[in-house]
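Taking it in order: structure first as structure tokens, then the write-up.
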There are 2 protein chains.
Amino acid sequence: MTLSDVAREAGVSLATASRAINGSADRSVRPELVERVTEAAARLQYTPDATAQAMARGRTTTLGLLVHDIADPYFSAIAAAVVRTAEAEGLQVSLATTQNDPAREAQLIDLMRRQRARAVVIAGGRSAGERSDALAESLAALGRQGVGIAAIGQPVPGVASVAVDNRGGAAALAASLLDLGYRRFAVLGGPTDRVTARDRREGFLDALGDRGSVASSVETAFTWEGGHRALLRLAQDGVLADVDAVVATNDVMALGALAAARELGLGVPQDVALAGFGGISTLRDVVPTLTTVTVPMDELGVRAVRLALGDQGDVVESVGCDVVIGGSTPDLRGA
Amino acid sequence: MTLSDVAREAGVSLATASRAINGSADRSVRPELVERVTEAAARLQYTPDATAQAMARGRTTTLGLLVHDIADPYFSAIAAAVVRTAEAEGLQVSLATTQNDPAREAQLIDLMRRQRARAVVIAGGRSAGERSDALAESLAALGRQGVGIAAIGQPVPGVASVAVDNRGGAAALAASLLDLGYRRFAVLGGPTDRVTARDRREGFLDALGDRGSVASSVETAFTWEGGHRALLRLAQDGVLADVDAVVATNDVMALGALAAARELGLGVPQDVALAGFGGISTLRDVVPTLTTVTVPMDELGVRAVRLALGDQGDVVESVGCDVVIGGSTPDLRGA
DNA sequence: TTGTAGGCGTTATCAG
DNA sequence: CTGATAACGCCTACAA
């Protein structure tokens with residue numbers, strides 16, 4: 001059923017039917033006619049064709065959302081916020097996953113351009129390499145076409161971003177751990193070229209100053225498996241015994257490390273203390289509770305949507321993170 | 001930039017440009033021209049307008065995905081599979097969340113109809129009430145319009161579904177627990193009218209037969225908080241002491257119960273044994289490991305997409321679930 | 001092999 | 001306040 005059918009059924013012109021149904025800017029249809037049209041529409045089970053509307057109006061109601069992996073609790077929490085906020089603005093969310101592949105990321109940006117998305121939110125860190133040129137270029141093309149863009153987590157040059165203060169959070173974590181009496185650390189650093197991981201690593205290291213030292217900084221995948229393998233390697237190399245605490249640059253890595261420790265028969269925190277980064281909510285039932293730095297994922301999602309829908313000067317908002325001390329890093333000073 | 005611009009730039013007709021760029025059914029453009037067009041398109045940074053294509057072709061490349069809450073690990077795991085499979089088919093996923101609201105669910109189905117989605121996957125259980133009529137009606141309207149539909153988890157009458165064998169899984173769980181020596185149970189039953197919860201509850205009860213008994217079956221929200229509150233109530237009512245194991249009808253409820261037990265100073269499994277249902281992957285690091293019934297979420301997603309894209313006879317595929325015994329329900333026979 | 005022209009379902013401009 | 005009618009950007013018979 002098309003609007004023409006409705007118009008005919010109601011005995012009015014196409015134009016009138018259109019105005020009656022969506023009440024456009026120049027609302028001006030006699031109530032009686034509105035009712036007639038509405039009834040006709042109901043009778044015919046008419047549903048406007050969003051595609052055609054988009055074309056006629058010249059803009060869609062789609063918001064593109066790019067994440068690495070929607071099954072990752074970090075991204076699914078952000079996605080929940082994005083979806084909620086977008087829906088409140090009358091936008092549909094078109095979800096795509098980059099699978100950690102920079103090339104794919106640029107491709108997907110292009111896809112959003114094709115879909116004529118009204119705005120795009122891109123979450124998830126990237127590498128600091130030349131590859132990111134492709135991304136920047138795609139993004140620029142998008143922006144030129146008038147699409148609102150916002151990046152989450154790691155700011156993108158020329159794009160409105162809501163950044164996470166990874167350095168500050170890591171520094172605060174370092175300070176807290178030092179206060180608790182920890183001195184020697186092993187850092188599960190994530191991929192060296194991943195900006196987020198790097199900031200957390202460096203933030204931690206810098207804040208340590210001469211009050212603490214890092215016995216080992218391992219490069220790993222930014223995943224559960226990465227954390228898992230890294231801890232096994234540390235144990236194998238014998239560094240673990242020489243260390244007060246293991247600090248992972250994200251929570252799922254910390255979980256992997258936790259699992260690995262258990263497999264090795266090492267108790268956490270008795271044999272090795274552990275800290276993560278992220279504060280993903282499903283962790284609240286893990287034992288021991290994980291010391292971590294919480295990132296306000298909901299806020300990230302909400303602000304990103306607002307930014308993407310906003311005026312687009314390349315703002316960089318920054319959200320802070322909070323250290324949460326859990327059972328995985330007990331106070332050493334009493335001991 | 002529109003295709004006309006490209007055509008002009010390349011010095012060919014609009015039709016030729018169209019054929020050159022998307023290589024439609026009647027591929028028949030001289031290679032030389034194809035190249036000229038391609039180059040022109042590149043020079044102009046032309047990107048086809050998916051909206052216009054959809055309209056011209058009469059069909060979109062959108063797959064709608066409805067879940068209750070994308071932050072829930074169960075749904076995000078399904079979503080990951082759906083997105084992956086859809087992308088492989090060249091479809092974009094339009095994500096919407098129902099927030100457990102049946103009215104909203106029907107609304108969203110309508111929204112998908114508006115978007116002229118090519119197919120719709122609807123995940124997440126519903127109530128067995130009159131309310132579901134609205135859903136069935138919307139769904140029927142969708143189907144009539146030629147949209148492929150598939151339901152995940154709980155079959156919907158008249159709709160291709162991939163069902164979870166909740167009854168069977170629950171029965172198997174009951175059998176396993178009985179084998180381990182458990183006899184008296186408390187069941188955290190979820191909402192009484194929720195079909196999924198009901199099937200699990202009844203499946204468990206039926207399989208118990210006269211070998212075991214249920215001391216208490218509590219109605220609760222299907223959430224962490226629901227499980228949490230329910231366990232507190234059980235403790236308060238004194239039933240907890242009288243019971244061998246607490247069986248939750250889903251994993252997040254079990255986690256809530258686990259947390260509540262800890263708050264009460266009760267050890268799991270020393271003071272109370274616990275089982276869940278679902279097998280969400282983030283649980284692998286919870287201590288003690290939770291006895292549960294795993295549901296193959298990835299498979300659910302993949303098959304649902306195939307079903308939605310397929311021939312649509314109202315098939316009901318069924319996937320089985322497996323009991324996994326964890327540390328939360330130790331063997332009682334040795335004791 | 002290439003071009004012409006009509007149409008997809010709406011909106012929006014411009015007269016009545 | 002209402003009704004023709006021209007876009008919107010692309011696809012696709014049909015014709016050349």
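In what follows, chains are A, B, ... by sequence order, proteins preceding strands, each numbered from 1. The structure displayed is predicted, hence computed values, not measured ones. Heavy atoms only: backbone and side chains are in, while hydrogens, waters and symmetry mates are out.
- Between the CD1 atom of B/Ile21 and the C1' atom of D/dT12 there is a distance of 16 Å, given to the nearest Å.
- A/Glu89 has no carboxylate O lying under 4.0 Å from a charged side-chain N of A/Arg84, or vice versa, which leaves the two without a salt bridge.
- A/Leu33 comes within contact range of the sugar-phosphate backbone alone, with a heavy-atom separation under 4.0 Å but no base atom that close.
- Dashed line: the shortest gap from a side-chain N or O of B/Asn22 to OP1 or OP2 of D/dC11 is under 4.0 Å.
- Under 4.0 angstrom from either OP1 or OP2 of D/dC10 there lies no side-chain N or O belonging to B/Gln53.
- Atom CG of B/Leu14 is separated from atom P of C/dT2 by 15 Å (rounded to the nearest Å).
- One finds a side-chain N or O of B/Thr16 lying less than 4.0 angstrom from the OP1 or OP2 phosphate oxygen of C/dG3.
- Rounded to whole Å, the distance from CG on A/Asp49 to P on D/dC8 is 19 Å.
- DNA chain C is contacted by both B/Gly11 and B/Met55; B/Gly11 maps to the nucleotide lying nearer its 5′ end (nearest heavy atom per residue).
- Rounded to whole Å, the distance from CE on A/Met1 to C1' on C/dC8 is 15 Å.
- Between the CZ atom of B/Arg19 and the P atom of D/dT12 there is a distance of 10 Å, given to the nearest Å.
- A/Ser13 has no side-chain polar atom (N or O) that falls below the 4.0 Å cut-off from OP1 or OP2 of D/dT2.
- A salt bridge is absent between A/Asp49 and B/Arg114; no separation between the charged side-chain nitrogens and carboxylate oxygens falls under 4.0 Å.
- In this structure, A/Arg114 atom CZ and D/dG9 atom P are separated by 17 Å, rounded to whole Å.
- Atoms CG (B/Leu3) and P (D/dT12) sit 12 Å apart, rounded to a whole Å.
- Look at CZ on A/Arg8: it is 12 Å from P on C/dT10, rounded to the nearest Å.
- A/Thr98 contributes no side-chain N or O that, together with a main-chain N or O of A/Asp101, makes up a donor-acceptor pair within less than 3.5 Å.
- The end-to-end axis angle of the helix from C/dT1-D/dA16 to C/dG16-D/dC1, rounded to 10 degrees and based on five pairs per end, is 40°.
- In this model, no donor atom of one side chain and acceptor atom of the other lie less than 3.5 Å apart for B/Thr60 and B/Gln115.
- For B/Ala15, the side-chain atoms get nearest to C/dT4 when compared with the rest of D/dG3, C/dT4, C/dT10.
- Listed nucleotides C/dT11, D/dT2, D/dC11 differ in distance to A/Ser18; the shortest reach to its side chain belongs to C/dT11.
- Between A/Val147 and A/Ala119 the shortest heavy-atom distance is CG1-CA, 3.7 Å.
- A search for salt bridge (charged side-chain N to carboxylate O under 4.0 Å, His left out) contacts involving A/Arg306 returns nothing, not counting sequence neighbours.
- Between B/Arg57 and D/dC11 there is a side-chain polar atom (N or O) within less than 4.0 angstrom of OP1 or OP2.
- For the residue pair B/Thr62 / B/Arg118, no side-chain donor-acceptor distance below 3.5 Å is found, with atom types taken as modelled.
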